[in-house]
Each structure stands twice: as structure tokens, then as C-alpha cells.
Amino acid sequence: MRSTVLRQTIINEETAEAKKEKREPLLLPDFSAHHLRHTFCTRLCENETNLKVIQSVMGHKDIQTTMDIYADCTEDKKKEVIKNMEDKIFIL
């Protein structure tokens, strides 16, 4: 609750300052350390295929946590993996 009050105070102050200066307020989106952690792990998953390495870096006791929550698969990543495989498979 305290962080909500603090955030609202900052928003109010910036809005008032912007109004005095006749400009739009500069407000950051609401995010947390958890958002940064999730983004870091998602980017790690995009660049590292060994789930045990990712599990260890993230400190997950259970590999299922890594796989279910963080190991998001993007369309771009799927295309990249398939393209890399095409370059390694030779059909005679």
C-alpha cells in the first residue's frame, strides 16, 4: 500500500510540474523487480537452450518452474531455430 501512495504522489507532482511548464508529464510505466527478472529469464531462454543452465542461473529448485513460467517460445525464436537446423542438415 505504501508504494502505491508513493507512486501516486510522484505522479501528482510530475503532473503538476508538467502543467506549470506546459508540457506532457513524463511518467514511467508501473513495473517491478519481478518484471525485470522475468524479462531477463525470457532473454536468457532465447539465447541459451540448456534448461539446466537456465534453472541454475535463476535459482529454481524445480525445473518445471523454469519450463512452465519462463521458457516462453516466441515465433521469431522458433523460426530462428528451424533456420539453424536447416543449415546443419544435409540431404543427399
Side-chain angles (χ1 to χ4, degrees):
M1 183 69 175
R2 185 174 179 207
S3 64
T4 303
V5 172
L6 177 61
R7 177 166 169 71
Q8 193 57 53
T9 301
I10 293 169
I11 289 171
N12 292 343
E13 288 174 0
E14 172 57 19
T15 302
E17 189 72 24
K19 188 174 182 178
K20 283 193 313 190
E21 296 174 3
K22 297 180 181 172
R23 61 172 173 81
E24 291 294 316
L26 301 172
L27 303 173
L28 294 176
D30 190 22
F31 68 95
S32 67
H34 177 77
H35 290 105
L36 298 175
R37 176 181 168 82
H38 186 78
T39 299
F40 170 78
C41 192
T42 300
R43 298 300 170 256
L44 185 59
C45 290
E46 289 173 353
N47 292 286
E48 174 59 59
T49 57
N50 186 331
L51 286 175
K52 293 302 278 184
V53 169
I54 297 168
Q55 175 191 11
S56 177
V57 168
M58 296 306 294
H60 297 150
K61 289 182 182 177
D62 186 353
I63 190 71
Q64 207 62 42
T65 301
T66 308
M67 293 171 55
D68 290 346
I69 297 174
Y70 290 101
D72 299 331
C73 181
T74 65
E75 285 300 314
D76 288 343
K77 188 62 180 174
K78 285 192 282 188
K79 290 175 185 174
E80 178 186 328
V81 168
I82 295 300
K83 178 67 177 140
N84 287 341
M85 288 301 297
E86 287 174 351
D87 294 340
K88 295 176 183 172
I89 297 174
F90 300 102
I91 299 175
L92 301 174

Can you tell me how far apart [atom1] ([X]) and [atom2] ([Y]) are? Round to the nearest 0.5 Å.
X	Y	atom1	atom2	value
Lys88	Lys83	NZ	NZ	12.0 Å
Lys19	Glu24	NZ	CD	12.0 Å
Thr15	Leu27	OG1	CG	5.5 Å
Arg7	Ile11	CZ	CD1	4.0 Å
Asn84	Lys79	CG	NZ	14.5 Å
Ile54	Thr65	CD1	OG1	13.5 Å

Checking Asn47 now: which residues fulfil side chain to side chain contact (heavy atoms under 4.5 Å, CB included) with it, not counting sequence neighbours? none

Listed partners of Lys52 passing side chain to side chain contact (heavy atoms under 4.5 Å, CB included), at least two apart: Asn50, Gln55, Ile63

Glu86 atom CD, over 12 foreign heavy atoms within 6.0 Å: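 Yes, enclosed.
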
Quick one: does Arg37's side chain have a donor or acceptor within less than 3.5 Å of a partner on Ser32's backbone? no

